[in-house]
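Notes follow the structure.
Indexing begins at 1, ligand by ligand and atom by atom, following the structure's order. Numbering of residues begins at 1 and proceeds along the displayed sequence. Treat the numbers as computed from the prediction; the structure is a model and nothing was measured.
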Amino acid sequence: MRARTLYYAPSGNSLRAAIAAELAGLPVEKIRLDVAAGDHRTPAFLELNASGTVPAYLERLPSGEELVLTQSAAIADHLLLPARPDLYPDDPIERVRVQSSVYAAMSDLAMQNSLMRYLAFSPDSVQFLRERFLRMLAASFEGLKTQPWVCGPRMTIADIAHYPVVHMRGAQLEAMGGFSHVLDWAARMRELEAVRRAAAYAGLALSAQGT
Ligand SMILES: N[C@@H](CCC(=O)N[C@@H](CS)C(=O)NCC(=O)O)C(=O)O
């Protein structure tokens, strides 16, 4: 049997990998790290992931080799491409639209979401990031005003990629107003048992005032 292990902490990027693990329905051992206690900077963990970030995924392949993945989007693809091909459109144009949305989730929204937290000591920086973040979030979710899922009538990997940031900032989006289409979609995502299960251990939700 393949041994699969997911190292995580309650965080946006961990939640993405955890949702993928739950949706794939494969046996994955979960190891929770305490980031505040520095578990992600121990020599043992840095040997696995030199970046010192979560999530990290380790799998013993049938060849005996070890696969280590330290990017949540890659973990999601690795687990979901075989288990849930329906999340990846066959049509090349549809597929590149979905991919573009995944890139927006990962390199724009998730990145700015993290930076707002790391730069909390600098209110001007947070303000600058918040404006960019909200503009890009509005652009990414414009389609939800007329369709149920981020990229159209069917759920895709883009929905999985985007969900964690909205999970984290949901209370803030609600307090701001104008994002009911996004909050309705997030509620639809939570109707999935896999999303609820993953959020129960890997989810992090900020208060309306939190950075
Ligand atoms: N691009 C990576 C980002 C991973 C990342 O930055 N994880 C954060 C938690 S969401 C982390 O480990 N932060 C702790 C630190 O950087 O010290 C991914 O998508 O997995």
Side-chain angles (χ1 to χ4, degrees), residues 4-24 28-59 66-81 87-88 98-122 125-126 129-130 132-133 136-137 140 150 156-173 186 189 194-195 198-207 210-211:
R4 300 180 178 85
T5 309
L6 178 66
Y7 296 83
Y8 75 96
S11 81
N13 293 310
S14 291
L15 178 57
R16 188 173 299 106
I19 291 173
E22 298 295 335
L23 273 177
V28 178
E29 182 192 7
K30 280 109 188 170
I31 298 186
R32 181 179 174 128
L33 302 190
D34 183 346
V35 169
D39 290 354
H40 60 318
R41 296 293 156 86
T42 61
F45 186 71
L46 288 173
E47 203 172 305
L48 182 73
N49 179 9
S51 309
T53 53
V54 283
Y57 173 85
L58 174 65
E59 179 177 322
E66 278 187 345
L67 171 69
V68 177
L69 296 173
T70 59
Q71 290 295 326
S72 59
I75 299 168
D77 283 342
H78 175 65
L79 293 170
L80 293 174
L81 263 162
L87 296 175
Y88 299 83
V98 167
Q99 211 166 31
S100 176
S101 188
V102 170
Y103 291 149
M106 301 310 304
S107 55
D108 297 342
L109 294 173
M111 194 60 224
Q112 288 176 97
N113 178 53
S114 295
L115 284 176
M116 274 191 270
R117 290 171 59 69
Y118 298 148
L119 294 175
F121 61 85
S122 169
S125 306
V126 172
L129 287 165
R130 190 184 304 282
R132 281 176 63 87
F133 171 81
M136 292 179 180
L137 185 132
S140 276
V150 169
T156 67
I157 189 67
D159 295 280
I160 313 299
H162 278 290
Y163 179 75
V165 160
V166 174
H167 182 88
M168 193 181 284
R169 306 259 170 204
Q172 299 177 359
L173 297 178
M189 288 292 288
V195 171
Y201 61 88
L204 175 65
L206 300 178
S207 70
T211 52

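Between Arg16 and ligand 1, not a single N/O pair is under 3.5 Å apart. Checked against a 3.5 angstrom limit, the closest N/O atoms of Ser11 and ligand 1 fall outside it. The shortest N or O to N or O distance between Ser114 and ligand 1 is not below 3.5 Å. The shortest N/O to N/O separation between Gln71 and ligand 1 falls below 3.5 Å. Every N/O-N/O distance between Ala73 and ligand 1 stays at or above 3.5 Å.
Scanning all heavy atoms of the two residues, the minimum distance from Met106 to Ala110 falls at O-CB, 3.6 Å. When all heavy atoms are compared, the tightest approach of Ser140 to Ala104 is OG-CB, 3.7 Å. Between Ala17 and Leu6 the shortest heavy-atom distance is CB-CD1, 3.9 Å.
In this model, no donor atom of one side chain and acceptor atom of the other lie less than 3.5 Å apart for Thr53 and His40. Between the side chains of Tyr201 and Glu22, at least one donor N or O sits under 3.5 Å from an acceptor N or O. Tyr8 and Asn13 share no donor-acceptor pair across their side chains, judged by distance under 3.5 Å alone.
Of all atoms in ligand 1, numbered sequentially from 1 with element shown, those under 4.0 Å from a heavy atom of Pro55 are 20 (O). Taking a cut-off of under 4.0 Å to the non-hydrogen atoms of His40, the atoms of ligand 1 that pass are 14 (C), 15 (C), 17 (O).
Here the side chain of Asp39 pairs a donor or acceptor atom with the backbone of Asp34 at under 3.5 angstrom. Counting only distance, with no hydrogens or angles, the side chain of Asp159 and the backbone of Thr156 share a donor-acceptor pair below 3.5 Å. Side-chain atoms of Ser14 never come within 3.5 Å of backbone atoms of Pro10 as a donor-acceptor pair (strictly under, hydrogens ignored).
At least one heavy atom of Met106 sits closer than 4.0 Å to an atom of ligand 1.
Among protein heavy atoms, the minimum distance from atom 3 (C) of ligand 1 is reached at Asn13 ND2, 3.4 Å. Nearest to atom 4 (C) of ligand 1 among the protein's heavy atoms is Val54 O, 3.4 Å. Ranking the protein heavy atoms by distance from atom 17 (O) of ligand 1 puts Arg41 NH2, 2.6 Å first. Nearest non-hydrogen protein atom to atom 20 (O) of ligand 1 is Ser72 N, 2.9 Å.
Of the heavy atoms in Tyr118, only side-chain atoms (C-beta onward) come closer than 4.0 Å to ligand 1. Heavy atoms of Thr70 found under 4.0 angstrom from ligand 1 belong exclusively to the backbone.
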